[in-house]
Amino acid sequence: MKVKIMKNNKLWMEDNAIRQLESIADFKGVESIVGLPDLHMGKQPVGCTICTQQFIYPFLIGNDIGCGVTLYETQEKIRKIKVERLVRKLENTGIYGKYSIGGGNHFIELTAIDKVYNQDLANQLGIDTKKAYLLIHSGSRAIGESIYREYASLEGLEEASERFNSYIEEHDKAIAYARDNRNHLADIFTQMANIKSDNRIVIDCIHNYLEMVDGKYYHRKGSISSLSHTYAIIAGTRGSSSYIVKTIPRNDELYSVSHGCGRKIMRSECKGKLQSKYKRDELKRTSLGSYVISKDKALLYEEATEAYKRIDDVIETLLQYKCIEIIATLKPMVTYKC
Ligand SMILES: Nc1nc2c(ncn2[C@@H]2O[C@H](COP(=O)(O)O)[C@@H](O)[C@H]2O)c(=O)[nH]1
Ligand SMILES: [Mn+2]
C-alpha cells in the first residue's frame, strides 16, 4: 500500500488530512507515503513523509524550509531562577531585526527536565536535571518564504534539471540560515533574560526539508528523520510535556518520527471554541503553572494546549510502532513568543 497512516485507538486523526495525503499518492514519482501520528491538514499535509524517485515537489516541504527544534543547556540552576520576576522583565521585550522567532507556533521556551526515563541515554546527552534548558522552535523566516513563492507550483522538478539543482542549492542555504537563526535566538534570549549560558546544543533536529538517501527523495513536512537524527525532540505544547527521545530507524515508517503533537482545532476556530471556557488572560498561565508571554493576543487562543492533539497519544503511537525510545520529558516554565 502506498499510503500508510500511523494510528492508535486513542489518537485523534482527521479524515480530511488522510484524504489530503492520499491525493498526493498519484503524483509522478511518488513511491510511498507515511502519515505520522501528528498528521493534520495545512496548505500541504503536516506530519508526514513522502518518498519519491526522479521528481521532487518543493510545495510539499512548504515555506518554512529548515524549521526545527533545538534544545540548549544553560548553566543556570533551576532553583536560582525567580520565574515571576523573569516574566515581568521579559514582558517588556521583543526580538526584532536580522534574527527573529517568527509568528504562529514558533517559540522560545525556558524549560526543565521533568522525568528521566532512561538514565544511560540521558547521561550520554549530558543531561543535568538541576539545570534550566531552552527549547527553540524557529525556521528560515523570509528566506524560506521567498524560495517557496518561487517554486510552489504543483509541478514536480525532474532530477538533475536546472530548476531541481537551483532549488536544492536554495533549500540547503535556508536550512543553514534556520539553524543559525535558532543559535542566535538562544544567545539573544539568554542575554536578555540574564541567564548564565554558553548555550550548549544538546539536540538540534529539523522537520521541514528534503532528505536524499540512496537515490530517493524523502519530503519531510513536520517529520524528523531517524537516519539523520539519533536523538530528537518531540514538541508538546505550551501546557504539556515535550519529549526527548532516541529514534529507531524503520524502513516501514520511512525512517520518520513525529515533530510535535499536531494541530487539532483550526486557528480560525480556536477563539470561538475556547473563549467560553477561558478568558484571554487566563491563557497566560497553563495548567502546569508555566507562563506564556505573547504580544499577539490572538495567539493565546490559537496556540492554547487544547488546539493540539494530546502529546501522550502521539508518543504512545510512536512507541507502538517501535519508532522511538523515551529518554526524558521537559516541562515548560516560560514560553516566549515576542
Ligand atoms: N513546547 C512547545 N511546543 C509547542 C508550542 N506550540 C506548538 N508546539 C508544538 O510544536 C509543533 C511544531 O509545529 P509546526 O508544524 O509548526 O512545526 C506543534 O505540532 C506542537 O506540538 C509551545 O508553545 N511549546
Ligand atoms: Mn516547525
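Numbering of ligands and ligand atoms starts at 1, following listing order. Since the structure is predicted, the reported quantities are computational estimates derived from the model, not experimental observations. Below, all heavy atoms of this structure are taken into account, side chains as well, without hydrogens, waters or symmetry copies.
- Taken together through direct or relayed side-chain contacts under 4.5 Å among Ile, Leu, Val, Met, Phe, Trp and Tyr, Ile206 and Ile108 form part of one hydrophobic cluster.
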Open item on the list: Could you walk me through whether Glu253 and Lys4 satisfy the salt bridge (charged side-chain N to carboxylate O under 4.0 Å, His left out) test, starting with their C-alpha distance in whole Å, then the side-chain angles of each, then the deciding distance to 0.1 Å, before giving a yes or no?
Closed with: CA-CA 8 Å; Glu253 283 74 31; Lys4 171 175 182 169; 2.6 Å; yes
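- Between His207 and His137, the ring center distance clears the sub-6.0 Å criterion.
- Proximity of a side-chain donor or acceptor of Arg238 to a complementary backbone N or O of Thr286 within less than 3.5 Å is not detected.
- Hydrophobic cluster membership for Leu71: Val69, Phe107, Ile113, Val116, Leu121, Leu125, Ile127, Tyr133, Leu135, Val202, Ile203, Tyr231, Ile233, Ile244, Ile327, Leu330 (Ile, Leu, Val, Met, Phe, Trp, Tyr linked by side-chain heavy atoms under 4.5 Å, directly or transitively).
- Listed as neighbours of ligand 1 are Val46, Asn105, Phe107, Glu109, His137, His207, Ala235, Gly236, Thr237, Arg238, Ser242, His259, Gly260, Cys261, Gly262, Glu303, Tyr308, Thr335, each bearing a heavy atom under 4.0 Å from the ligand.
- Residue Glu282 qualifies as enclosed at atom CD: its count of foreign heavy atoms under 6.0 Å is above 12.
- Around the CG atom of Asn16, the shell of radius 6.0 Å holds more than 12 heavy atoms that belong to other residues, nucleotides or ligands.
- The shortest distance between side-chain heavy atoms of Lys89 and Arg85 does not fall below 4.5 Å.
- Asn181 meets the side chain to side chain contact (heavy atoms under 4.5 Å, CB included) test with Tyr99, Ser138, Arg141, Tyr177, Leu185; sequence neighbours excluded.
- Counting only protein atoms, the N, O or S atoms lying less than 2.8 Å from the Mn ion (ligand 2) are Cys67 SG, His137 NE2, His207 NE2, ordered by chain and residue number.
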